[in-house]
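Reviewing the structure listed below.
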Amino acid sequence: MIVLIGFICLFALLLIRVPIGFALGLVGATGFGWIVGLSPALKSIGTVASDTVMSYDFAVIPMFILMGNLIARSGISDDLYAASQTWFGGMRRGLAIATIASCGGFSAVCGSSLATAATMARVAVPPMRSYQYSDAVAAGSVAAGGTLGILIPPSIALVLYGIMTESDIGALFAAGVLPGLLGIVLYMAAISVWVRFNPSIGPAAQRASFADKLASLQGIIGILLLFTLVMGGLYLGLFTPTEAAGIGSAGALVIALARGRMNVRKLLDTLYDSARTSVALLTILIGAILFANFMNVARLPQDLGAWVMDMNLSPMMVISMIVLIYVVLGCFLESISMMLLTVPIFYPIVASLGFDLVWFGIVVIVVIEISMITPPVGMNIFVLRSVLPDIPTATIFRGVLPFIAADVIRAALLIAFPIIALWLPNLMH
Amino acid sequence: MTMTQIFPKAVRSLEGAGRITASVLMAMLVVITFVDVVGLQFGHPIAFAFEFTKVCVGAMFYVGLPLVTLRREHICVDLVPISPGSKLGIGVTAAVDLLSAGLIALVAKQLWAQAQTLEMFNTVMMFTRWPIAPMVRVMAVLAALTAMICLVQGLSRVFPTRHPRSTGGNT
Amino acid sequence: QEVTIRYSEWLPPTYFINERVLYPYFEEIEKVTEGRVVVEVSAGPLGPPPRNYQMAMDGIADMTWGVHGFTPGTFPLSEMVELPFHSTDAASNSVAYWRVFKDILEPANMHPGVHTLAVHTQPPGQMFNSVRPIKDPKDFVGLKIRSTNSSVASALENLGATPIGIPVTEMREALEKGIVDGVSLSNDAIYNFRVSEFVKYEMAIPGGLYNASMFLVMNLATWNKISPEDQAAISAISGEALARKMGEVWQAEHDASVPKSIADGIAISVPDGALLDFIHGALDPFEDAWLAKAKAAGIDGAQALEAYRAASVSDKP
Ligand code: NA
Ligand code: NA
């Protein structure tokens, strides 16, 4: 009951445009206080507000945001746009497809979906807009493509899942690869179908000759070098994903300087812009954690788990039920909090039904990806709002709808054919 | 009417200082990581780079918070169109500002309380051994500043005429 | 039921301490109080692990289990059991620790603002690496070792290795990719944190390179809500009995993982002779440093250490 009241209050506050982080925090702390007591609730505000911003896990976010901003300001994004246009632009929807592909590529070096979305929003959206793509397509493809960050390894979320369920993290990483590629294919298909019904949203450009295509690559040598540095360094073991963010930012700065696009004034602007975006996102994270603590003491996860068990369903129905619960909860909860709250409840149920926990981990990640783009609390949407403040929320939500459909299809395929996730890890053993 | 119109000079210089501080902290994040990784290749990493990183992010957040609040750059859900100039719009926005002011003031108070607890326990960072209490105390002060910004923004909507006129008046 | 105790869960439910000690202990509480006191395990953590003690003190959770070393500086007296060379057996160490805690440390206000149900230790922590066996002091030089906490970091530094601070979530990847050459952990932890496949050599210092100090505490107001009879019933299954159980289970987990390590091809070497002398020379000063901290906290550290070590040996099974 208290949970329902909490959700209603949250909705009301969001509708009158209380900043999202404040609304989550207010409802979270009040609900927590209702259940646990006033004094602990007040104390928890102080600890969460200081601990969250001093957490290493979240330090990666500002650095990847900065890397994206530097890339965007260096003018490389213009060249990337030019190259993508020459290569894919001849097709309708070409730039949107190139966006999805770049999101997938970036996910292979970045363990966080928020950071992937933040970086690609800077790199991919301005070119698409300048080429008259509708804001919905441009923002939607980045918001959705960004979710791949936690599925394609490396992935902070998969590491957490592995530790929580004592599953093999290497196997989880391997299991994420094919579903990630499937995600890329389905997202591209979603764009194709969408543009077929409404050609004006993703116009085609001139077809380019092969010579032009080769020539266009010259302009993106910088970004190719940067990607090679970040990816190569990661896979050769020169640095961890978090360190890659720092190196990537430094590299992007070098490129920007080399291209003569940077001076002290512009550098300060870029740094401040990244700080501003990070502050807006971390504010929401603080609120989201207070809200998750409220859900925790309200025992929502346990109640849902008990409810699923009580219904005496077939194993397949139980999985579907759990996925449905994740989708609904995912509308309100931030992804990492949702994992920490629900996985310990659901994975024993799933294991007792004889399902593979590595496979379930991938299912969880895929439904968590959905949660990042569903209203009202969709972190990737907020990333876009913060990087591109002139695109209205409603437009972004409209833009992600086709991709949510693609995600649902992917989840269904993954449940029907677990081999999609398990083939690669099985190959390893 | 906004804060920037009410106290133009003070606000502008404070804002400028804050921006530079936040930018420098952001740059430090990258420099620390870069020096650490390059140093590691030569066997001399910054042993506890990740703790410097944590401090930088924490400081950057609380330095940036008043600035982001001042410029109304917090992320909101704008699903329902409310015209900002209408009577309803002004009323709702003022109410949201005052609510935010109260909420952040509470956060500031609780951060201060948390700093006191940390001080009582002499809690330090794991590797650098830096005391945490002073950092949290600074966070509390900056949160209090943010609450004041919200309060003034809310009041200036409720009583638009009671404040000095915007431009030129007090330079 | 009269009192519900909210326990903040921060490790996987299948973690051996949860399965074999804490959950059975929670059931025992319910049984000895005839259902009047029930422990309710939260779905996820109510705060980060270093906040565990403070969460119980503030009432954010009613009961927490945690590691003193996660908040360095806060519990200097707990560092007594972290010193090298004196781990005998986790059960004996834990029982000895509990007795010294009750006699000397608790009266010196080591645990303000909570009701303490138990303090205990774990089996010894050692240094594992993937590069070379440690046969000579110079073998430490150049090894990049992920260290558990700052005490271990300074220990490794004194030995000549390069300590590196990497968060636990990135530890496995750092080892896999050779960003670090090794880790400081206990034998059971290399399996529980899934890093066994990335290390080849263990240097098993007699009595350990380090140890860790842990607590199980309850919010005072919550404890006071429990009737005196039920408090007595809970105390009877807590304290020394619980510390012993913690130590026994942990030692068994450790002892089972040693042959597993050997079967997995991890070469275990026990330093002796000149190497051991070198190690003592490098690490013995930590004891004096702790004695100074004990003095600052107003207790006779030498007396506490003596009591702890005597009980650790006499109680050894
Ligand atoms: Na990734
Ligand atoms: Na959502």
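Sequence lines set the chain letters: A, B, ... in the order given, protein chains first and strands last, and positions in each chain run from 1.
Interatomic distance, B/Gln114 CD to A/Ile45 CD1, rounded to the nearest 0.5 Å: 12.0 Å. In this structure, the separation between CG on B/Leu29 and OG on A/Ser249 is 8.5 Å, given to the nearest 0.5 Å. Note that the CZ atom of B/Arg19 and the CZ atom of A/Arg276 stand 8.5 Å from one another [nearest 0.5 Å]. Remark: B/Leu25 CG to A/Ser278 OG distance equals 11.5 Å, nearest 0.5 Å. Here the OG1-CZ distance, from B/Thr93 to A/Arg17, works out to 8.0 Å after rounding to the nearest 0.5 Å. From B/His74, atom NE2 reaches atom CZ of A/Phe382 across 14.0 Å, with rounding to the nearest 0.5 Å.
Looking only at side-chain heavy atoms (C-beta outward), B/Leu67 and A/Tyr272 come within less than 4.5 Å of each other. With a 4.5 Å cut-off on side-chain heavy atoms, B/Val57 and A/Leu282 count as touching.
Annotation: maximal heavy-atom pairing with chain A below 4.5 Å, among B/Ala59, B/Cys56, B/Ser100, B/Ala113, occurs at B/Ser100.
Contacts between B/Met139 and chain A at a heavy-atom distance below 4.5 Å involve the side chain alone, from C-beta outward. Using a 4.5 Å cut-off between heavy atoms, A/Leu253 does not touch chain B at all. A/Ile284 touches chain B through its side chain: at least one heavy atom from C-beta onward sits under 4.5 Å away, while N, CA, C and O do not. Proximity to chain A (any heavy atom under 4.5 Å) is restricted, for B/Ile104, to the side chain, taken from C-beta onward. Proximity to chain A is limited to the side chain of B/Val92, based on heavy atoms less than 4.5 angstrom apart. Heavy atoms of B/Ile132 lying under 4.5 Å from chain A belong exclusively to its side chain. Both the backbone and the side chain of B/Ala27 have a heavy atom closer than 4.5 Å to some heavy atom of chain A.
Nearest heavy atom pair, residue B/Val96 against residue A/Pro19, reads CG1-CD, 4.0 Å. Across all their heavy atoms, A/Val279 and B/Gly64 have their closest contact at CG2-CA, 3.8 Å. For the pair A/Met54 and B/Met135, the tightest heavy-atom approach, listed with the atom from each and the gap, is CE-SD, 3.8 Å. Pairing each heavy atom of A/Val18 with each of B/Leu99, the nearest pair is CG2-CD2, 4.2 Å. Closest heavy-atom contact between A/Pro62 and B/Met26: O-CE, 2.9 Å. The nearest pair of heavy atoms linking B/Val30 to A/Ala250 is CG1-N, 3.9 Å.
Of residues 21-33 of chain A, those residues with a non-hydrogen atom less than 4.5 Å from any non-hydrogen atom of chain B are, in numerical order, A/Phe22, A/Leu26.
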Go through the steps to decide whether B/Gln110 and A/Thr47 satisfy the test side-chain contact (heavy atoms from CB on, under 4.5 Å), and finish with yes or no. CA-CA 8 Å; B/Gln110 291 312 130; A/Thr47 54; over 6 Å; no

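For B/Phe34, the CZ atom is loosely surrounded, since the number of other residues' heavy atoms within 6.0 Å does not exceed 12.
In summary, of the residues considered (A/Thr52, A/Ile286, A/Leu285), a side-chain contact (heavy atoms from CB on, under 4.5 Å) with B/Phe61 occurs for A/Ile286 alone.
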